[in-house]
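A quick write-up on the structure given underneath.
So you know, we letter chains A, B, ... as the sequences are listed, proteins then strands, and number each from 1.
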Amino acid sequence: MTIRTRFAPSPTGFLHVGGARTALFSYLHARANDGSFILRIEDTDIERSTEASIQAIMDGMNWLGLEWDEGPIFQTDRFPRYAEVIEQLKAEGEAYPCYCSKERLEKLREGQMEAGLKPKYDGKCRDMDPVDTPAGITPVTRFRNPLEGEVEWNDLVRGSITISNDELDDLVIARPDGSPTYNFTVVVDDMDMGISHVIRGDDHINNTPRQINIYRALDAEPPLFGHVPMILGEDGARLSKRHGAVGVTQYRDDGYLPEALLNYLVRLGWSHGDEEIFSIDDMVRLFDIADVNRKPSSFNTEKLNWLNQHWMRSLPAEQVAEALAWQFELLGIDTSTGPALADIVSVQAERVKTLKEMAEQSRMFYEDFEEFDANAAKKNLRPVSREPVEAIRAALEAIEEWTPENLHQAIIDTAETMGLNMGKIAQPLRVAVCGSGVSPSIDKTLWLVGKERCLKRIDMALEFIAKREAAT
RNA sequence: GCUCCCUUCGUCUAGUGGCCAAGGACGCUGCCCUCUCAAGGCGGAAACACGAGUUCGAGUCUCGUAGGGAGCGCCA
């Protein structure tokens with residue numbers, strides 16, 4: 001059997017993490033089984049669908065590297081096909097025109113709710129004699145759902161699910177203008193596209209039996225269904241625009257690597273023993289839809305942060321540097337005159353959680369500063385530090401080969417000569433060169449800042465100390 | 001209201017009747033290391049929603065209760 005899966009978003013917003021994970025699972029199931037992954041845009045709701053959303057969704061998938069083999073296929077291009085199938089269903093008596101007004105339906109629903117019943121269409125037009133056809137009303141088309149029996153399927157993630165046909169009613173498959181509705185178009189599309197496995201959010205569980213009945217009416221074999229649970233916000237509440245439902249590209253802008261987000265997302269609801277770290281290749285090799293959980297899970301930024309750091313440290317520095325360049329750009333920092341970005345990555349990756357943070361904390365490698373951080377200066381640029389700083393300045397100036405090794409040696413030697421421990425030299429030096437008390441190891445920092453800038457900043461620090469001495 | 005689905009540490013999870021006085025990971029936390037911040041090493045606290053039943057034995061099977069979620073559209 002050829003495995004074919006699809007991701008079928010409706011273009012009414014960006015690609016958020018829930019959708020991204022559904023797409024990922026669908027993608028992995030295809031890749032893990034040598035199948036194809038198809039992107040279909042469900043844009044039959046012309047009112048709400050936008051071009052910008054289509055672009056945003058594809059941007060998100062591209063950033064994550066979720067490549068589709070076919071598509072994007074637009075439902076709006078397939079209206080003639082839907083019309084054809086609707087005609088077929090009508091001709092076979094599997095669908096019928098319904099003239100009921102929305103008002104009548106609304107009343108019906110209210111009455112049923114009040115009586116404690118599940119609201120359902122009552123089938124008024126189901127067996128109407130054509131001679132009774134009311135004039136002047138353009139009807140909708142309803143699917144003739146079986147009255148008896150039940151629908152059962154073996155869900156790929158939930159196991160057997162059974163729903164009785166008397167829970168279902170005759171759903172509308174075409175509006176008065178002939179435009180098709182969701183539960184109908186998915187079936188026609190999945191059938192025509194030869195989709196073998198439908199992997200989607202569990203909010204579709206209740207739609208599945210209706211769709212299976214349509215497949216049967218069409219004499220088509222239904223695909224296999226796998227309903228994956230939803231992702232909740234940090235607080236356990238449903239993701240909504242107010243609760244962290246942001247587009248995945250927001251994570252890119254916030255300094256996350258796609259490898260990290262993907263790794264995080266795949267572990268939300270899926271596991272492989274005790275393993276936590278998965279590259280996309282690992283996922284393709286190990287993923288099995290049967291190992292997906294049934295329970296909804298909450299998004300946890302702390303763990304994403306940890307994974308992001310892991311991937312910043314593990315991926316080739318050159319690769320991470322490309323993503324870092326974007327962050328410097330966002331901050332308006334010109335990196336052309338400073339150290340190579342890959343070197344920044346190798347010294348900073350283990351001390352930050354995101355690339356954004358990395359760029360922010362690396363500003364001093366590229367730009368001079370006007371003043372020292374007040375607290376750091378107060379503590380470290382004191383009169384007592386003047387001599388050590390002067391000494392280290394001289395030692396640094398004498399260095400010809402500006403390498404971390406030589407710098408390290410110079411600091412050790414200076415400390416020893418002055419009978420001080422390393423911290424007494426390194427910390428004032430750090431504040432002098434960085435402007436603040438936090439940086440990578442002092443030798444690497446000096447190395448990256450460069451000799452000229454280091455000496456200039458040390459002079460600035462000595463001036464600062466001198467002023468302080470004069471003031472007392 | 002009705003139907004369907006879900007329920008192991010704060011969070012993500014392992015667990016498919018005995019290997020579980022429940023393991024891993026993030027986070028939190030103690031100690032060590034240390035030029036700052038980190039990273040790292042070694043420890044620690046922390047969970048089977050509840051109640052019945054089946055069984056020699058239940059986190060694992062069944063039923064019920066509670067709690068949560070979804071659906072019940074001429075939205076997708």
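For B/U36, there is no paired nucleotide, since no Watson-Crick or G-U wobble pair has both relevant distances below 3.5 Å. Judged by Watson-Crick or G-U wobble contacts below 3.5 Å, the nucleotide B/C50 has B/G64 as its partner. Across all strands shown, B/A76 has no partner, as no Watson-Crick or G-U wobble contact with both distances under 3.5 Å is found. Base pairing annotation: B/C4 forms a Watson-Crick or G-U wobble pair with B/G69, both donor-acceptor distances under 3.5 Å. Across all strands shown, B/A14 forms no Watson-Crick or G-U wobble pair with both distances under 3.5 Å. For B/C42, the paired base is B/G30 (Watson-Crick or G-U wobble, both distances below 3.5 Å).
Residue contacts shown for A/Ser179 are absent, as no nucleic acid heavy atom lies under 4.0 Å away. Residue-level contact check: A/Val140 touches the bases, meaning some heavy atom is under 4.0 Å from a base atom. Using a 4.0 Å heavy-atom distance criterion, A/Arg48 is classed as a base contact. A/His227 comes within 4.0 angstrom of nothing in the nucleic acid, heavy atoms only. Nucleic acid contact class of A/Leu268 (heavy atoms, under 4.0 Å, all strands): sugar-phosphate only. Among the atoms of the strands shown, only primed sugar atoms or phosphate atoms (P, OP1, OP2) are found under 4.0 Å from some heavy atom of A/Gly423. At a threshold of 4.0 angstrom between heavy atoms, the contacts of A/Lys120 with the nucleic acid are absent. Note on A/Leu117: a base of the nucleic acid sits closer than 4.0 angstrom, heavy atoms only. Nucleic acid contact class of A/Glu114 (heavy atoms, under 4.0 Å, all strands): none. No engagement by A/Pro9 is indicated, since no non-hydrogen atom pair under 4.0 Å with the nucleic acid exists. Counting any heavy atom pair closer than 4.0 Å across all strands shown, A/Gly201 reaches no nucleic acid atom.
Comparing B/U13, B/C74, B/C5 by their closest approach to the side chain of A/Asn293 singles out B/U13. The listed nucleotides are B/A39, B/U3, B/C12; the one nearest the side chain of A/Ser298 is B/C12. For A/Ser10, the side-chain atoms get nearest to B/A76 when compared with the rest of B/A76, B/A39, B/U3. For A/Pro119, the side-chain atoms get nearest to B/G73 when compared with the rest of B/U3, B/G73, B/C6. Of the listed nucleotides (B/C5, B/C37, B/C2), B/C2 has the atom at the smallest distance from the side chain of A/Glu167. Comparing B/U3, B/A76, B/C35 by their closest approach to the side chain of A/Glu42 singles out B/A76. Of the candidate nucleotides B/A76, B/C37, B/U8, B/U8 has the atom lying nearest to any side-chain atom of A/Lys295.
Salt bridge status for A/Asp202 with A/Arg294: absent, with no side-chain N to carboxylate O gap under 4.0 Å. Under 4.0 Å is where a charged nitrogen must lie from a carboxylate oxygen, and between A/Lys303 and A/Glu276 at least one such pair does. Salt bridge status for A/Arg210 with A/Asp169: present, with a side-chain N to carboxylate O gap under 4.0 Å.
A/Glu350 places its CD atom 12 Å from the P atom of B/A38, with the value rounded to the nearest Å. Rounded to whole angstrom, the span from the CE atom of A/Met113 across to the C1' atom of B/C72 amounts to 8 Å. We find that CH2 of A/Trp270 is positioned 17 Å from P of B/C12, with the value rounded to whole Å. Nucleotide B/G1 holds its P atom 17 Å from the CD atom of A/Gln112, rounded to whole Å. Distance CG (A/Asn183) to P (B/C74): 10 Å, rounded to an integer number of Å. Straight-line distance from the CD1 atom of A/Ile231 to the P atom of B/G69: 17 Å, rounded to whole Å.
B/U29 and B/C37 have their P atoms separated by 15 Å, given to the nearest Å. Rounded to a whole angstrom, the distance from the P atom of B/A39 to that of B/G30 is 15 Å. Annotation: B/A22 and B/A58 have their C1' atoms spaced 13 Å apart (nearest Å). Annotation: B/A49 and B/G59 have their C1' atoms spaced 12 Å apart (nearest Å). B/A46 sits 33 Å from B/U65 when the P atoms are compared, rounded to a whole Å. Distance noted for atom C1' between B/U13 and B/G53: 29 Å (whole Å). Nucleotides B/G24 and B/A45 are separated by 12 Å at their P atoms, to the nearest Å. As rounded to the nearest Å, B/C2 and B/U60 have P atoms that lie 28 Å from one another.
Between the OG1 atom in A/Thr181 and the CD1 atom in A/Ile86 there is a gap of 8.0 Å [rounded to 0.5 Å]. The CG atom of A/Asn406 sits 11.0 Å away from atom CD1 of A/Ile411, with the distance rounded to the nearest 0.5 Å. To the nearest 0.5 Å, the span separating OG1 on A/Thr22 from NE2 on A/His227 amounts to 10.5 Å.
Here A/Phe464 and A/Phe372 bring their ring centres to under 6.0 angstrom of each other. A distance of 6.0 Å or more separates the ring centres of A/Phe287 and A/Phe278. Residues A/Tyr96 and A/Phe143 place their aromatic rings such that the two centres sit no closer than 6.0 Å.
Among A/Val389, A/Ile458, A/Ile392, the single residue meeting the side-chain contact (heavy atoms from CB on, under 4.5 Å) criterion with A/Pro428 is A/Val389.
Neither side chain, A/Asn263 nor A/Asn308, offers a donor N or O lying under 3.5 Å from an acceptor on the other.
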B/S/- contact track for nucleotides 23-31 of chain B, protein heavy atom under 4.0 Å: BBBSS----
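Remark: A/Ser271 is in phosphate contact with B/A14, judged by side-chain N or O atoms under 4.0 Å from OP1 or OP2. Contact annotation: A/Ser297 reaches the phosphate of B/U13 (side-chain N/O to OP1 or OP2, under 4.0 Å). Under 4.0 angstrom from either OP1 or OP2 of B/U34 there lies no side-chain N or O belonging to A/Asn421. In this model, the phosphate group of B/G40 is approached by a side-chain N or O of A/Arg313 to a distance below 4.0 Å at OP1 or OP2. Within the structure, a side-chain polar atom (N or O) of A/Thr44 is placed less than 4.0 Å from OP1 or OP2 of B/A76.
For A/Arg40 and A/Phe74, the positive end is not near the middle of the six-membered ring at less than 6.0 Å and at most 45° from its axis.
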Distances under 3.5 Å only, N/O to N/O: pair up the protein atoms with those of nucleotides 41-49 of chain B.
none

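Between the base of B/C6 and the side chain of A/Arg294 there is no donor-acceptor pair shorter than 3.5 Å.
When all heavy atoms are compared, the tightest approach of A/Pro440 to A/Met364 is CD-CE, 4.2 Å.
Where A/Arg158 and A/Asp169 meet RNA chain B, the nucleotide closest to each residue was compared, and A/Arg158 sits on the side nearer the 5' end. For A/Ser101 and A/Val352, each mapped to the nucleotide of RNA chain B holding its nearest heavy atom, the one lying further toward the 5' end belongs to A/Val352.
Using the six-membered ring where Trp is involved, A/Phe225 and A/Tyr215 have ring planes that are perpendicular, over 60° apart on the 30 and 60° scheme.
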